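The structure under discussion appears below in the form of structure tokens.
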Amino acid sequence: MNSAEPDDDHAHYRAVCCLIEADLLALPTGLTHALQAQFSQLKQGRFSQIAALLPWWLREQFALARPIYVQLGAAQLYGWWYYWVQDNLLDGDAEPALLLGAHLALLRQLELYTELGLAQSPIWPLFRQLTLESALGHQQELRYRLSELASLDFDQLANFEQTVLLARAQPFFFNSRAQAWLAGHDPFGPTANLVIETLECLTLARQLSDDASDWIDELKQDKLNSVACRFLRYLHEQAVFGDFSQLTAAQVAGQQILHERFWHELEQANQALIAQTLAKLRAANIERLAQLLEQQTQANLALWANHATYRQQLRGFFGLAASE
């Protein structure tokens, strides 16, 4: 974990990981070894840490006994394991063997929620609803991520919305509402709603930064992420391309250095979204989530600055000027 995290966060994350590692040790030996390797990789990720620690970070808002924070954190991390595998498989970036971990992760997530009494609670139907929304989100995104570039039309690009990205992540938002219910709070009250708004903001901010880094590589594979769709729509509106029938990934990638205004507006929209949510969190005194968004802000600023420097260097190399 990041060395700047409090020591208690380290201890809590170890407790969550120990619970999962104990689960793995109880499996048949061959399966244990395979899944230990998968989990060892997964638990190093920053988002894995966020998922597992979120219930602990919300202890002031939704207070519970400490062992329940561990169980909720493990359920959340198991859920992230499942969707991490699913995303990688849908993107063509993972071996089918990862499904072994995904199946166990989903099973144990459901078991943990059942042990906590959530499967018999009034909010349990929400879990099913969010899972279905996620499946529909993945289905919709596949129409863009696995398209052939030359077959696109403007209407198809115009229909790509942020809701697609949020839909995929919907099951991640159940855990906090479940924690509110377990703590005797309204799972759809103002505090819980602000927590979910924060998680949605974080999801979009992280996904946008990832897409801004990966869009060219994915375009070469005839995959369109959110940034590629926005940029193609922008180029169409600017009459750079009349249609996409003869378009190649190289032509689109070459345009990135000529349209600095697009990148500036994308950055500003992303940062404005974070700033609005930050203000709400600080007004509600939910400081730990505010720190999380602030960290994402700084990471995004560094990323946008690196991309801008790279585009500027390319313009200098080719003797070109940007359209401001």
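All values derive from a computational prediction rather than experimental measurement.
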Evaluate ring pair (Phe, Tyr, Trp, His ring centres under 6.0 Å) for Phe231 paired with Trp263, printing each intermediate quantity in order. CA-CA 9 Å; Phe231 190 44; Trp263 301 108; 5.3 Å; yes
Is [X] salt-bridged to [Y], cutoff N-O under 4.0 Å?
| X | Y | result |
| --- | --- | --- |
| Arg315 | Glu260 | yes |
| Glu21 | Lys43 | yes |
| Arg108 | Glu115 | yes |
| Asp211 | Lys223 | no |

I'd like to know whether Arg288 forms a side chain to side chain contact (heavy atoms under 4.5 Å, CB included) with Gln61, so could you lay out the CA-CA distance, the side-chain angles of the two residues, the decisive distance to 0.1 Å, and finally the verdict. CA-CA 11 Å; Arg288 190 59 190 85; Gln61 287 71 41; over 6 Å; no
Side-chain heavy-atom pair [X], [Y] within 4.5 angstrom cut-off:
| X | Y | value |
| --- | --- | --- |
| Phe174 | Ile123 | yes |
| Leu72 | Leu54 | no |
| Arg261 | Gln238 | yes |
| Leu199 | Leu289 | no |
| Thr277 | Glu197 | yes |
| Gln179 | Leu182 | no |
| Leu301 | Gln271 | yes |
| Leu208 | Asn300 | no |

I'd like to know whether the aromatic ring centres of Phe172 and Trp80 sit less than 6.0 Å apart in this structure. no
Verify whether one side chain among [X] and [Y] offers a donor that lies under 3.5 Å from an acceptor in the other.
| X | Y | result |
| --- | --- | --- |
| Gln255 | Gln251 | no |
| Gln86 | Arg168 | no |
| Arg46 | Gln295 | yes |

Could you state whether [X] and [Y] fall into the same hydrophobic cluster, counting links through intermediate Ile, Leu, Val, Met, Phe, Trp or Tyr residues with side-chain heavy atoms under 4.5 angstrom apart?
| X | Y | value |
| --- | --- | --- |
| Leu126 | Leu132 | no |
| Leu58 | Leu130 | yes |
| Leu303 | Ile216 | no |
| Leu27 | Leu107 | no |
| Phe39 | Leu25 | no |

May I ask you to decide if the ring planes of [X] and [Y] are parallel, tilted or perpendicular, using 30° and 60° as cut-offs?
| X | Y | value |
| --- | --- | --- |
| Phe262 | Tyr234 | tilted |
| Trp81 | Tyr78 | parallel |
| Tyr113 | Trp124 | perpendicular |

From [X] atom [atom1] to [Y] atom [atom2], the distance as rounded to the nearest 0.5 Å:
| X | Y | atom1 | atom2 | answer |
| --- | --- | --- | --- | --- |
| Gln38 | Leu100 | CD | CG | 6.5 Å |
| Leu281 | Gln276 | CG | CD | 12.0 Å |
| Ile274 | Thr198 | CD1 | OG1 | 11.0 Å |
| Gln170 | Ser134 | CD | OG | 8.0 Å |
| Ile257 | Gln312 | CD1 | CD | 11.5 Å |
| Asn270 | Glu267 | CG | CD | 8.0 Å |

Could you go through Arg14 and Asp8, starting from their C-alpha distance and side-chain angles, then the distance that decides it, and tell me whether this counts as salt bridge (Lys or Arg N to Asp or Glu O under 4.0 Å)? CA-CA 10 Å; Arg14 283 197 301 272; Asp8 215 22; over 6 Å; no
Is [X] reaching over with its side chain to a backbone N or O of [Y], donor-acceptor style, under 3.5 angstrom?
| X | Y | result |
| --- | --- | --- |
| Tyr13 | Ala52 | no |
| Thr309 | Ala305 | yes |
| Ser209 | Arg206 | yes |

Exercise: identify the closest heavy-atom pair between [X] and [Y]:
| X | Y | value |
| --- | --- | --- |
| Thr32 | Leu24 | OG1-O, 2.6 Å |
| Ser213 | His307 | OG-NE2, 3.4 Å |
| Leu194 | Ala284 | CD2-CB, 3.7 Å |
| Pro55 | Asn175 | CG-OD1, 3.4 Å |
| Pro187 | Arg177 | O-NH1, 2.7 Å |
| Ala192 | Asp186 | CB-O, 3.9 Å |

Might you work through the side chain to side chain contact (heavy atoms under 4.5 Å, CB included) test for Val16 and Gln76, ending with a clear yes or no? CA-CA 10 Å; Val16 172; Gln76 189 79 310; over 6 Å; no
Arg230 NZ/CZ over Trp215 ring centroid, <6.0 Å and within 45° of normal: no
Are there over 12 heavy-atom neighbours, none belonging to [X], within less than 6.0 Å of that residue's [atom1]?
| X | atom1 | result |
| --- | --- | --- |
| Glu95 | CD | no |
| Phe188 | CZ | yes |
| Arg128 | CZ | no |
| Glu60 | CD | no |

Mind running side chain to side chain contact (heavy atoms under 4.5 Å, CB included) on Thr191 and His185 for me, showing each step along the way? CA-CA 9 Å; Thr191 301; His185 293 263; over 6 Å; no
Mind running side chain to side chain contact (heavy atoms under 4.5 Å, CB included) on Leu118 and Leu112 for me, showing each step along the way? CA-CA 9 Å; Leu118 291 166; Leu112 283 166; over 6 Å; no
